[in-house]
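Remarks on the structure that follows.
Treat the numbers as computed from the prediction; the structure is a model and nothing was measured.
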Amino acid sequence: MRRFVAQSYASLKYARTGGMVKSEDDPLEENPAAAMRETVAAMCYLEQKVSAAGGTALRYGAFYGADNDGLVEPVRKRQFPIVGGGGGVLSFIHLDDAAAATALALEHIGPAIYNVVDDDPAAVREWLPVLAQALGAKRPRRVPRWLARLLAGEVAVVMATESRGASNAKAKRELGWTLRYPSWRTGFVAAYASSVRAHREGGRFVDPVSAART
């Protein structure tokens, strides 16, 4: 094969030291949370093998833009709290932009590794209330680290308080990639609040846009 592209992941991979936004050249986390060790090791192995074969590995951000996004129901049910100070940084990517980057990567000669994320890595305390509003949900709860660790485990605590975001500068520069949704701030609204979907609340259907304004 002349082209080989593999899926990897940006969040929870970079070392939890130094700056909060990482490039592809920054060191990876050497001591991930126990529940993530096998997953991180598998992704690192995949990236190494793909690169050695001349292929391209794409470290995607957290996907959003579909009806069944994993964050939608937990946020609507207030099951996704802000832990501690909420300083963990996450990078998002709309599915449309992820697809565009993937198509460009298929035409690119490797070996290469790219962060496929939007322009706006942000702390949990910033993006989570915006997502809740876009979904017409109540503001997220706040819980201390010890309680989150007890209820959700160490991985959830690390993501919410210590994780690093990723820079997309290399992918934009080398692939000629242009994002339709450069930030989750506008992307969440386009994906959720401006859609025709309604959800049941108090025995009646409520337009998420109207709910977000109240």
Side-chain angles (χ1 to χ4, degrees), residues 8-29 32-33 36 58-66 69-98 100-101 114-145 148 152 154-173 177-194 208 212:
S8 189
Y9 189 53
S11 297
L12 294 173
K13 284 197 68 177
Y14 289 105
R16 291 172 280 161
T17 57
M20 298 304 292
V21 179
K22 304 294 187 178
S23 74
E24 293 85 349
D25 295 328
D26 283 316
L28 302 180
E29 178 59 51
M36 279 289 294
L58 302 180
R59 293 175 179 168
Y60 294 99
F63 292 130
Y64 73 94
D69 289 339
L71 286 176
V72 169
E73 285 307 307
V75 172
R76 278 185 174 153
K77 295 177 181 178
R78 302 186 81 195
Q79 295 173 343
F80 195 121
I82 297 173
V83 179
V89 174
L90 192 67
S91 287
F92 286 95
I93 188 67
H94 192 285
L95 289 170
D96 290 350
D97 287 325
Y114 295 110
N115 293 327
V116 179
V117 298
D118 71 14
D119 296 347
D120 195 8
V124 174
R125 61 175 174 264
E126 295 181 50
W127 63 259
L128 186 53
V130 176
L131 177 56
Q133 184 178 31
L135 292 170
K138 295 180 180 179
R139 290 186 63 82
R141 296 184 171 93
R142 287 183 174 267
V143 300
R145 291 175 63 127
E154 185 66 20
V155 173
V157 173
V158 168
M159 189 206 77
T161 62
E162 300 179 39
S163 63
R164 266 51 176 175
S167 166
N168 63 12
K170 181 181 177 182
K172 292 200 295 185
R173 181 178 64 251
W177 179 40
T178 301
L179 286 82
R180 182 178 181 183
Y181 301 101
S183 173
W184 49 268
R185 299 175 195 274
T186 53
F188 286 168
V189 174
Y192 307 119
S194 63

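Contact between Ile93 and Ala98 at its shortest, heavy atoms only, is CG1-N, 3.8 Å. Taking every heavy atom of both residues into account, Ser183 and Asp120 meet most closely at OG-OD2, 2.7 Å. Contact between Val21 and Ala166 at its shortest, heavy atoms only, is CG1-C, 3.7 Å. Taking both residues in full, the closest heavy atoms of Ser167 and Ala169 are given as OG-N, 3.2 Å, listed atom of the first, atom of the second, then distance. When every heavy atom of Trp177 is checked against every heavy atom of Leu179, the shortest pair comes out as CZ2-CG, 3.8 Å. Contact detail for Pro32 and Met36: the closest heavy-atom pair is CB-CB, 4.4 Å.
Note that the NZ atom of Lys138 and the CZ atom of Arg76 stand 14.5 Å from one another [nearest 0.5 Å]. With values rounded to the nearest 0.5 angstrom, Leu28 atom CG is found 12.0 Å from Leu12 atom CG. Within the model, atoms OH of Tyr114 and CZ of Arg59 stand 12.5 Å from one another, a figure rounded to the nearest 0.5 Å. Separation of atoms CD (Glu29) and NZ (Lys22) is listed at 10.0 Å; rounding is to 0.5 Å. If you take CZ on Phe63 and OH on Tyr9, they are separated by 9.0 Å, rounding to the nearest 0.5 Å.
One finds a salt bridge joining Asp119 and Lys172 here, because a Lys/Arg side-chain nitrogen approaches an Asp/Glu carboxylate oxygen to under 4.0 Å. For the pair Glu162 and Arg16, the salt-bridge criterion is met [side-chain N within less than 4.0 Å of a carboxylate O]. With salt bridges taken as basic N to acidic carboxylate O contacts below 4.0 Å, none links Asp97 and Arg180.
Arg164 contributes no side-chain N or O that, together with a main-chain N or O of Val89, makes up a donor-acceptor pair within less than 3.5 Å. The closest donor-acceptor contact from the side chain of Arg139 to the backbone of Ala132 lies at 3.5 Å or more, if one exists at all. With Arg145 contributing its side chain and Val157 its backbone, the two residues share no donor-acceptor pair below 3.5 Å. Looking only at distances, no side-chain donor or acceptor of Ser91 sits under 3.5 Å from a matching main-chain atom of Gly165. Between the side chain of Asp118 and the backbone N or O of Trp184 there is at least one donor-acceptor pair closer than 3.5 Å. At least one donor-acceptor pair under 3.5 Å links the side chain of Asn168 to the backbone N or O of Val117. Side-chain N or O atoms of Asp69 include one that pairs as donor or acceptor with a backbone N or O of Ala66 at under 3.5 Å.
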Worked verdict on Phe188 versus Phe92 for ring pair (Phe, Tyr, Trp, His ring centres under 6.0 Å) = CA-CA 10 Å; Phe188 286 168; Phe92 286 95; 5.2 Å; yes
Show your working on side-chain contact (heavy atoms from CB on, under 4.5 Å) between Leu71 and Phe80 and close with a plain yes or no.
-> CA-CA 8 Å; Leu71 286 176; Phe80 195 121; 3.2 Å; yes
Where do Lys13 and Ser8 land on the side-chain contact (heavy atoms from CB on, under 4.5 Å) test, with the steps shown first?
-> CA-CA 10 Å; Lys13 284 197 68 177; Ser8 189; 3.4 Å; yes
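Checking each of Leu131, Ile82, Val75 against Pro140 for a side chain to side chain contact (heavy atoms under 4.5 Å, CB included) leaves exactly one that passes, namely Ile82.
Tyr14 and Asn115 form a side-chain donor-acceptor contact under 3.5 Å, judged by distance and modelled atom types alone.
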